[in-house]
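Working notes, beginning with the structure itself.
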Amino acid sequence: MNLTTQETIQWIERANSVFQEKKDELTELDQVIGDGDHGINMARGFQAAAEKLQAGSYATPSDALKDAAMTLLSKIGGASGPLYGSAFLKLSSSTKGAETISFDQFKEAMSEATDSLKMRGKAEESDKTMIDVWGPFTAYLQVQSDVQPDEWIEKLADAKEKTKDMQANKGRAAYYKEKSVGHMDAGAASTYYLFAALAEILKERGE
Amino acid sequence: MSAVGIVLISHSDKIAEGLYELLRQVEQNVAIELAGGTDEGGIGTSLDKILQAIEKADSGEGVLLFYDLGSAKMNAELAIELAGKDNAYLVEAPLIEGAYIGTVEAGIGKRLHDIIEGIQKQFTVINE
C-alpha cells in the first residue's frame with residue numbers, strides 16, 4: 001500500500017469531489033429518517049479539509065490527516081463532525097511518524113479509528129450508523145494481506161446496503177424506530193464514498 | 001466572589017438566546033455563555049463555539065455545560081477533552097430545567113460538585 005503524503009492529500013481532494021457530486025443524494029437519504037443536512041455537511045467539511053491540505057505543507061501522511069481531522073471537527077457540523085473528526089484523529093495518531101502508511105499500519109489505524117467511533121457515538125454494529133460500514137470493512141481488511149481496490153468497493157457497497165434492513169438505535173434516525181427500516185443510513189453511504197475514493201486512488205497507481 | 005459558569009449548547013441559536021433571557025431574569029451575576037447553532041448560523045452545534053464558551057465561562061470555579069440533542073453531546077464531550085479542563089462537566093439533564101437549577105445554584109454561591117449533585121438528585125426519578 002505505502003500511501004504517501006501526496007496520496008493522502010489526493011484522497012481528501014477526491015473525497016471532496018465525490019461529496020460535492022453526491023451532496024443531494026446524501027441529503028435525500030438523511031431527509032427520510034434524519035435532519036436532512038448530511039450531504040451539505042459532508043460537502044462543506046471536505047471542501048474545507050481539501051483547501052486546508054492544498055495550502056499546507058506536510059512531512060508525513062499523519063500530519064496531513066491531523067489537519068484534515070481538525071478541519072472536519074469544526075466544519076462538518078451535525079453528528080458527523082465529531083465522528084469523522086475523531087476517526088481521522090485516530091488515523092493520524094496511529095500512523096504518527098511514518099513516511100508512508102503501509103498496509104499493516106493502515107489496518108491497525110482503521111481498527112483504532114473504528115473503536116474511537118464506537119466510543120464517541122456510543123454505538124455498536126447493527127445500530128444503523130456509519131459504524132456498520134467502518135466495522136465490517138475494517139474486519140475484512142484484517143484478514144487481507146494486500147490491497148484489492150475492486151474488492152474494497154464491493155465490501156463497502158455490501159455493508160452500506162445492509163443498513164437498509166436495520167432499525168436505527170442511534171442518532172436522529174432512532175426517533176423513527178421501525179419506520180427507519182427500509183432506508184439506507186446516510187452516514188453509512190458517506191463512509192462508502194470516503195473509502196471508495198481511497199480505493200480508486202490505489203487502483204489508479206496499479207494496485 | 002466568582003461563581004461556577006454556565007454554558008448553554010443548542011442546535012438552535014434562538015433556543016440558546018431564549019433560554020439565556022429566561023435565566024438572566026432570575027440571575028444576573030453568573031457567567032452564562034452561549035453555543036447555539038453552527039458557525040454559519042444554521043441548525044447544528046459548533047465545536048469552536050463550545051470551546052470559546054467554556055473558556056469565557058470559566059472564572060476558576062468550574063463550568064457546567066447543558067445541551068439539547070445527541071450531536072450536541074458529542075461536540076460537548078470533545079470540547080471538554082480539547083479544552084483540557086478538569087473542572088468542566090457536561091450535565092445530563094433537560095436543557096431548560098437543568099440550566100435553570102444550575103444557574104440559580106451557582107448564583108447563591110454553591111460549589112461545582114454540589115450543584116451537579118443537586119441536579120442529579122432532581123432528575124434521577126425521571127431516569128429510573
Side-chain angles (χ1 to χ4, degrees), chain A residues 27 30-31 33-45 47-49 52 66 69-90 92-93 116-123 127-131 168-176 185-187, chain B residues 7-17 33-57 63 65-85 88-95 120 123 126-127:
Chain A
T27 289
D30 194 31
Q31 263 161 357
I33 48 171
D35 43 10
D37 57 5
H38 193 57
I40 299 156
N41 287 347
M42 294 302 286
R44 181 180 53 230
Q47 174 148 18
K52 176 92 183 168
K66 187 169 184 195
M70 296 314 288
T71 310
L72 296 174
L73 278 173
S74 61
K75 294 293 174 202
I76 294 186
S80 307
L83 290 170
Y84 276 111
S86 300
F88 270 85
L89 270 183
K90 270 289 176 230
S92 168
S93 64
S116 82
L117 281 174
K118 288 180 181 172
M119 197 196 73
R120 178 71 57 203
K122 297 182 179 64
D127 282 339
K128 196 181 184 92
T129 70
M130 63 172 73
I131 291 165
N169 291 318
K170 288 285 162 186
R172 209 64 74 83
Y175 296 118
Y176 292 82
D185 177 66
Chain B
V7 171
L8 308 176
I9 306 164
S10 172
H11 276 62
S12 152
D13 58 351
K14 286 180 184 157
I15 290 178
E17 282 164 20
E33 295 297 332
L34 309 184
T38 63
D39 290 338
E40 292 79 22
I43 295 287
T45 55
S46 151
L47 182 67
D48 295 339
K49 279 190 182 180
I50 302 170
L51 270 169
Q52 285 170 19
I54 294 174
E55 288 300 333
K56 281 201 238 166
V63 182
L65 289 78
F66 297 89
Y67 74 97
D68 59 1
L69 289 166
S71 63
K73 181 179 180 174
M74 281 193 283
N75 266 330
E77 288 172 343
L78 253 174
I80 289 172
E81 281 173 36
L82 293 174
K85 285 191 190 289
Y89 288 88
L90 184 64
V91 183
E92 285 292 351
L95 173 64
Q120 277 169 345
F123 295 110
I126 303 172
N127 292 339

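Because the structure is predicted, anything quoted here is derived from the model rather than measured. We name chains A, B, ... by the order of the sequence lines, and we start the count at 1 in each one.
Put simply, CG on B:D39 and CZ on A:R44 are 8.5 Å apart, with the number rounded to the nearest 0.5 Å. The line from CD of B:E81 to CG of A:L89 is 9.5 Å long, rounded to the nearest 0.5 Å. We find the OG-CG distance between B:S71 and A:D35 to be 7.5 Å, quoted to the nearest 0.5 Å.
With a 4.5 angstrom heavy-atom cutoff, B:N75 touches chain A via backbone and side-chain atoms both. Only the side chain of A:S86 comes within contact range of chain B, judged by heavy atoms closer than 4.5 Å. Contact of A:K122 with chain B is made through the side chain alone, with heavy-atom distances under 4.5 Å.
More than 12 heavy-atom neighbours from other residues, nucleotides or ligands sit within 6.0 angstrom of NZ on A:K118.
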Please walk me through it: do B:L78 and A:L73 pass side chain to side chain contact (heavy atoms under 4.5 Å, CB included)?
-> CA-CA 9 Å; B:L78 253 174; A:L73 278 173; 3.3 Å; yes

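Shown here for A:G121 and B:M74, the closest heavy-atom pair between the two residues is CA-SD, 4.0 Å.
Taking 4.5 Å as the heavy-atom cut-off, the residues of residues 46-56 of chain B that approach chain A are B:L47, B:D48, ordered by number.
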